[in-house]
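One structure below.
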Amino acid sequence: MTAPFAERLLAWFDDHGRHDLPWQHPRTPYRVWVSEIMLQQTQVATVIPYFERFMARFPDIESLAAAEADDVLSLWSGLGYYARARNLHAAARRLAESGVPETVDGWADLPGVGPSTAAAIVAQAFDRRAVILDGNVKRVLARHAAIDTPQETAATQRRLWALADEHTPATRAADYTQAIMDLGATVCRRGKPRCVVCPVSEDCEARRQDRQGELPVRRQRKPKPVRRRVLLWLEDGEGRLLLEKRPATGIWGGLACPPIVERAEDADERIARLGLHREGEWHHLGFLRHVFSHFELDAEVLGVTVEHGGLAEGQGEWHRPERLADAPPVGLPAPVQRLIRERRRASLGDG
DNA sequence: AAGTCGGGGCT
DNA sequence: AGCCCAGACTT
């Protein structure tokens, strides 16, 4: 007779789990919460440097609540899914007033905190039993029970939540949630799962059927369309770059970005509307290509020097590229950060 | 139920 | 060149 799933998993975790992640020391509700938000759809290794910088700048809820939205976004630059940063900031302002909840429902009521994140926070921060179901857990459970229906369907989701609930023990909540995520990340990986060292392999149905490689099953994805755009690289006489704030919703919401037009023919009209005057001809500066989850951005970068006109309030701001390169005062999309560094190298090479 | 939202790591 | 990652939110 084999021991319960959780018992075997916890014994494995004590010897082989991850016990030294930054948000585990100290393991406060605030640090756990911020880490869980950053870790949504984002790998641990990517998050760690962002987490350290964020904690150095905003060590507690009060400092985050008191911050400006742009300061929060600038620390989020390059991490992606920028709605997370806006939601985190809004939630911090609410928590600074109401205090920190200790229940799953209390956390799930906050913007940016869904069912799995709320459960992870409660389990990690308060060591109270809560059922999580993230990508790692779904993969572990789908293989262990050999679930071969597409993960996205409602029926499969219900079944996975039920299995997650059944396996979750009454005690050691924080350790168990960390353990099953560690198992998914380091043993029951997407590619080449290490079943030989898996603590729950003896009753793993996928392994018994030798179908680890084909599970879990995902719904077929649609091909991604290409969005062609033109990005306007506008510098004034002193080499400063014009950035405008993008709308709060949509791609790169709330971040600063060079003006984007659909076609090169629209470029002159756009700078006229900004109240700027072109000095000389447009130059082709390169391309910006970036693959998003559901489309591909393919933009030609056109540059020109402009004279200041009556740049209206809120129409954009001039920034020194050297400041943007090291410590950007505003949130910048990763492709724009790369572009700035490239352009800076090019201009230094010229001069 | 499907679409939107980033960026990087891995195969 | 795709797939996936400590998902949530909107339509």
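So you know, we letter chains A, B, ... as the sequences are listed, proteins then strands, and number each from 1. Basis for what follows: all heavy atoms, side chains included, without hydrogens, waters or symmetry-related copies.
- Looking at residues 124-131 of chain A, you'll see that no heavy atom sits under 4.0 Å from any atom of DNA chain C.
- Although no hydrogens or angles enter the test, the distance criterion places no donor-acceptor pair under 3.5 Å between the side chain of Thr305(A) and the main chain of Asp236(A).
- With P as the reference atom, dG3(B) and dC3(C) are 15 Å apart, rounded to whole Å.
- At most 12 non-hydrogen atoms from other residues, nucleotides or ligands lie less than 6.0 angstrom from CD of Glu317(A).
- As rounded to the nearest Å, dT4(B) and dA6(C) have P atoms that lie 24 Å from one another.
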*Go through the steps to decide whether Asp266(A) and Arg270(A) satisfy the test salt bridge (charged side-chain N to carboxylate O under 4.0 Å, His left out), and finish with yes or no.*
CA-CA 6 Å; Asp266(A) 304 330; Arg270(A) 169 59 73 88; over 6 Å; no
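- Atom C1' of dG8(B) sits at a distance of 23 Å from the matching atom of dC9(C), rounded to the whole Å.
- Contacts between residues 141-167 of chain A and DNA chain C, defined by a heavy-atom separation below 4.0 Å, involve no residue at all.
- Using a 30° and 60° split on the angle between ring planes, Phe13(A) and His19(A) fall in the tilted class, from 30° to 60°.
- Between the NZ atom of Lys222(A) and the P atom of dA1(C) there is a distance of 21 Å, given to the nearest Å.
- Both Val301(A) and Leu243(A) are part of a single hydrophobic cluster, where members link through side-chain heavy atoms under 4.5 Å apart.
- Cation-pi contact between Arg289(A) and Phe287(A): present, with separation from the ring centre below 6.0 Å and deviation from the ring axis of at most 45°.
- Two residues, Leu332(A) and Lys192(A), neighbour DNA chain B, and the one matched to the more 5' nucleotide by heavy-atom proximity is Leu332(A).
- Two residues, Arg219(A) and Trp252(A), neighbour DNA chain B, and the one matched to the more 5' nucleotide by heavy-atom proximity is Arg219(A).
- Judged purely by atom type and a 3.5 angstrom limit, Arg278(A) uses its side chain to pair as donor or acceptor with the backbone of Gly280(A).
- Across all strands shown, Ile132(A) has no heavy atoms under 4.0 Å from either base or sugar-phosphate atoms.
- Pairs of residues two or more places apart, or lying in two chains, that qualify as side-chain hydrogen bond (donor to acceptor under 3.5 Å, both in side chains) and include a residue from residues 43-60 of chain A are Asp60(A)-Ser63(A).
- Chain A approaches DNA chain B over the interval dA1(B) to dG9(B), counting the first and last nucleotide 5' to 3' with an atom under 4.0 Å from its heavy atoms.
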*When you check every protein heavy atom under 4.0 Å of nucleotides 6-11 of chain C, what one-letter string (B, S, -) results, 5' to 3'?*
BBSS--
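- Smallest separation of non-hydrogen atoms from Ala206(A) and Leu215(A): CB-CD1, 3.8 Å.
- Atom pair Leu183(A):CG and dC5(C):P shows a separation of 14 Å (rounding to whole Å applied).
- We find that CD of Glu296(A) is positioned 12 Å from C1' of dG2(C), with the value rounded to whole Å.
- Here His290(A) and Phe292(A) bring their ring centres to under 6.0 angstrom of each other.
- More than 12 heavy atoms of other residues, nucleotides or ligands shown are found within 6.0 angstrom of CZ on Arg320(A).
- Comparing the same atom, C1', in dA1(B) and in dC5(C) gives a spacing of 22 Å after rounding to whole Å.
- Atom NZ in Lys224(A) sits about 12 Å away from atom P in dA1(C), given to the nearest Å.
- Using P as the reference atom, dT11(C) and dG6(B) are 16 Å apart when rounded to the nearest Å.
- Between the CG atom of Leu215(A) and the C1' atom of dC4(C) there is a distance of 16 Å, given to the nearest Å.
- In this structure, Tyr30(A) has its ring center no closer than 6.0 Å to that of Trp23(A).
- A distance of 14.0 Å separates CH2 of Trp252(A) from CG of Leu73(A), quoted to the nearest 0.5 Å.
- Legend: side-chain hydrogen bond (donor to acceptor under 3.5 Å, both in side chains) pairs involving residues 198-208 of chain A, not counting sequence neighbours, sorted by first then second residue: Arg8(A)-Asp203(A), His144(A)-Asp203(A), Glu205(A)-Arg208(A), Glu205(A)-Gln209(A).
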